[in-house]
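Everything below concerns the one structure shown next.
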Amino acid sequence: MSTPKEIFLELIRPDGQPERQLRQYEALHMCLTDPCNTYLRGNRKRGSVSKDRWGTTISFPEDAPGPIPVHTPELSVCTDVTRWKETIHVPDLSVCSEGWEECRTRSRAAADAEGKLLAGFMGTGIFEQCHFLMGFEDTLTALYEHPDEMHELIETITQYRLDYVRRLIDGLQPDVIFSHDDWGTKNALFMKPDMWREFFKEPYRRFYGYIRSRGVIAIHHADSYLVPIVDDMAEIGIQVWQGVLPENDIPALQAHLNGRLTLMGGFGAAIDRKDATPEDILTYARDVLKRNCPGGHYIPSITYGLAGTVYPHVDKYLNQAVDAYNAALHVPVTHLPPVPRRSVHTAAAPAQSAPEAEQPQGDVLSRIASALVRGQQKRVLQLCSEALESGHGAQEILTDGLVRGMTILGEDFSANRAFVPEMLIAARCMAAMVCCVLNAQSATRSAGETVQALRKPWIMMLSPFQMAKPGAQSAPGFADAISYHGCRGKNKWRYAENVCREAQNHGFCAQSASSAAYSASVTGSHHSLLQSSPGTSTAMWLNQLSALAPCQCLTLAGIMMTLPSCRLTAGLPSS
């Protein structure tokens with residue numbers, strides 16, 4: 001009988017035929033105590049808040065699968081990417097020169113005794129390091145607004161990662177390097193595939209190329225939807241993609257890759273629940289195994305970036321299901337399930353803008369919508385002024401121009417034609433334009449009339465405004481709550497509940513209040529939400545939100561869903 005190590009080595013061969021399915025992380029002995037990891041991450045303890053060696057404040061909630069960065073204007077390491085060299089200081093890894101021999105001897109002995117591969121662990125990849133330092137929103141918008149500075153910062157982080165992995169391979173002498181970097185939600189990349197290729201593909205080609213040149217196996221963790229760049233991942237030297245979510249359509253990927261990349265995952269975070277019964281877990285796992293194992297080059301595993309589940313009994317029954325699968329006789333399947341709506345080929349096709357957004361011609365309101373989709377703030381300002389001068393009212397400009405543009409962009413986002421950076425830039429543009437339109441309109445009507453007119457039947461979400469009930473004075477408590485929790489970053493999910501209560505106290509409907517609370521719940525990192533439901537993946541920011549609504553839109557205060565029951569786009573109603 002082969003050892004887990006031997007099965008793994010056979011599995012990653014392009015024509016490999018392993019004798020059985022591995023049980024999750026069974027083949028890997030993960031070393032988390034090497035001098036570098038201890039120096040960089042040793043103070044991360046569940047239930048605590050700490051600072052890492054880069055200066056990032058890290059929170060590790062008791063009920064979360066992993067630690068998350070905390071961003072406020074006071075805590076973020078870099079608030080201005082054009083001056084990043086003044087605030088970002090790379091950790092000095094030369095201090096990690098002692099303790100390697102003891103760590104290597106102990107870890108190798110343990111791995112060999114278990115018949116496993118020794119794996120060196122490297123968390124917080126290049127993209128993650130950027131948003132750990134800057135915040136998620138600023139990182140994504142900076143890729144558009146300050147590409148030169150972002151290339152410089154990414155190169156600095158890449159050099160650091162290359163130095164790190166060199167020290168790790170020299171000192172630990174591992175069989176595997178297990179590196180983390182999440183590049184998307186469970187339904188989409190965080191950015192356009194071409195943008196990922198422009199900023200991150202070549203740095204990672206160098207990183208994984210170096211690992212492979214040292215004779216070490218390259219495993220990349222990303223519990224994300226990465227179908228549009230899966231060919232790039234195989235090309236740059238990744239051998240195993242760990243954390244493959246079910247949303248990636250694993251059977252279709254297996255047929256497409258044909259052994260170029262081994263997939264490890266399939267057991268999604270949705271099953272990792274306290275109330276999951278043994279039969280629930282076994283039924284779920286049997287379905288995953290039946291669907292994915294016949295395609296080969298697959299390791300059934302929880303999608304988390306380390307072994308184990310939040311609720312230990314879940315892990316036990318997942319492994320039990322794999323053992324039962326291995327005990328049965330399986331006839332090879334030659335016909336894989338058809339590719340669903342998100343096929344490898346269609347997802348990788350060049351993005352196309354919506355036809356309406358491509359046409360700059362037409363009436364002024366159409367041109368406002370088109371310019372907003374492109375994030376052209378100066379152009380939108382010019383067109384809004386033109387619309388006001390030609391007699392269009394604020395309500396008409398907002399609804400038929402600005403909101404119309406956000407609706408188009410929201411539909412593009414849902415269809416994977418637009419991504420988070422485009423949404424963020426358009427949301428900032430939207431916020432600025434709403435301010436300008438309302439300021440201009442206030443010259444001819446009172447502030448109370450303006451707010452009352454705009455309030456029916458929705459709520460204004462953008463933080464610069466004061467909220468007011470019809471016929472009442474403004475409600476600074478609610479506005480302050482949104483401003484504080486939404487814009488200053490102290491806005492974990494539990495704080496959003498306070499915003500919701502404050503909104504209802506001032507007379508806003510429950511739907512509007514809950515939308516306000518959601519808008520105030522984002523801290524600027526895709527790992528920023530605490531668990532709002534059991535079994536949340538480590539990519540907790542947008543990963544679990546797609547089921548709530550057909551479209552996701554962003555405001556200055558954060559991110560807000562266009563709820564089916566209360567359709568809101570950037571804080572204002574869609575047509």
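The shown structure was predicted, so the numbers you read here are calculated from the model rather than taken from an experiment.
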Return the [atom1] to [atom2] distance between [X] and [Y], rounded to the nearest 0.5 Å.
X	Y	atom1	atom2	value
I219	Q239	CD1	CD	8.5 Å
H297	I250	NE2	CD1	14.5 Å
W100	Q173	CH2	CD	10.5 Å
L117	T3	CG	OG1	8.0 Å
L22	Y298	CG	OH	11.5 Å
Y164	D34	OH	CG	5.5 Å

[X] to [Y] - nearest heavy-atom pair and separation:
X	Y	value
V322	Q21	CG1-O, 4.0 Å
A218	I211	CB-CG2, 4.2 Å
P91	Y39	CB-CE2, 4.4 Å
C293	Y325	CB-OH, 3.2 Å
V81	A142	CG1-CB, 4.2 Å
C31	C103	SG-SG, 3.6 Å

Check: [Y] and [X] side chains under 4.5 Å, non-hydrogen atoms:
X	Y	value
R167	S94	yes
N326	E19	no
Y225	L245	no
R286	L289	no
M195	L189	no
R44	D52	yes
Y204	I238	no
I217	L9	yes

Basic-acidic side-chain contact under 4.0 Å: [X], [Y]:
X	Y	value
R108	D175	yes
R20	E10	no
R166	D163	yes
R206	E155	yes
R197	D194	yes
E114	K5	no
D92	R53	no

Does [Y] offer a backbone N or O that forms a donor-acceptor pair with the side chain of [X] under 3.5 Å?
X	Y	result
S213	Y210	yes
E26	P4	no
H131	L140	no
Q254	D249	no
N248	L226	yes
D412	R417	no
T262	V240	no
N37	L32	yes
T57	L75	no

- Kindly indicate, with the supporting measurements, whether the criterion side-chain contact (heavy atoms from CB on, under 4.5 Å) is fulfilled by R273 and V314. CA-CA 8 Å; R273 308 190 312 272; V314 176; over 6 Å; no
- Message: Would Y208 and R212 count as a side-chain hydrogen bond (donor to acceptor under 3.5 Å, both in side chains) here? Give the steps.
- Response: CA-CA 6 Å; Y208 284 118; R212 297 287 298 275; over 6 Å; no
- Aromatic ring centroids of W196 and F419 under 6.0 Å? no
- Task: For side-chain contact (heavy atoms from CB on, under 4.5 Å), just list the numbers for F121 and V176, CA-CA rounded to whole Å, side-chain angles, deciding distance to a tenth of an Å, and then say yes or no.
- Result: CA-CA 9 Å; F121 178 84; V176 170; over 6 Å; no
- Query: Given V310 and K274, is the side-chain contact (heavy atoms from CB on, under 4.5 Å) satisfied, shown in steps?
  - Reply: CA-CA 9 Å; V310 175; K274 184 178 182 178; over 6 Å; no
- Out of F207, W183, F200, which one pairs with H220 under the ring-ring contact (aromatic ring centres under 6.0 Å, His included) rule? W183
- May I have the step-by-step check of salt bridge (charged side-chain N to carboxylate O under 4.0 Å, His left out) for E101 and R104, ending in yes or no? CA-CA 5 Å; E101 183 175 357; R104 178 176 64 250; 5.0 Å; no
- Can D181 and Q129 be said to form a side-chain contact (heavy atoms from CB on, under 4.5 Å), step by step? CA-CA 9 Å; D181 208 1; Q129 190 64 70; over 6 Å; no
- Task: On the 0 to 90° scale, with breaks at 30° and 60°, tag the H221-H180 ring pair as parallel, tilted or perpendicular.
- Result: tilted
- Query: Between the side chains of T185 and N187, is a donor N or O closer than 3.5 angstrom to an acceptor N or O?
  - Reply: no
- Task: Indicate whether any N or O donor in one side chain lies under 3.5 Å from an N or O acceptor in the other, for T124 and E128.
- Result: no
- Query: How would you list all residue pairs meeting salt bridge (charged side-chain N to carboxylate O under 4.0 Å, His left out) that involve residues 257-266, not counting sequence neighbours?
  - Reply: D231-R260
Has [X] got more than 12 heavy atoms of other residues, nucleotides or ligands less than 6.0 Å from its [atom1]?
X	atom1	result
K316	NZ	no
N258	CG	no
E102	CD	no

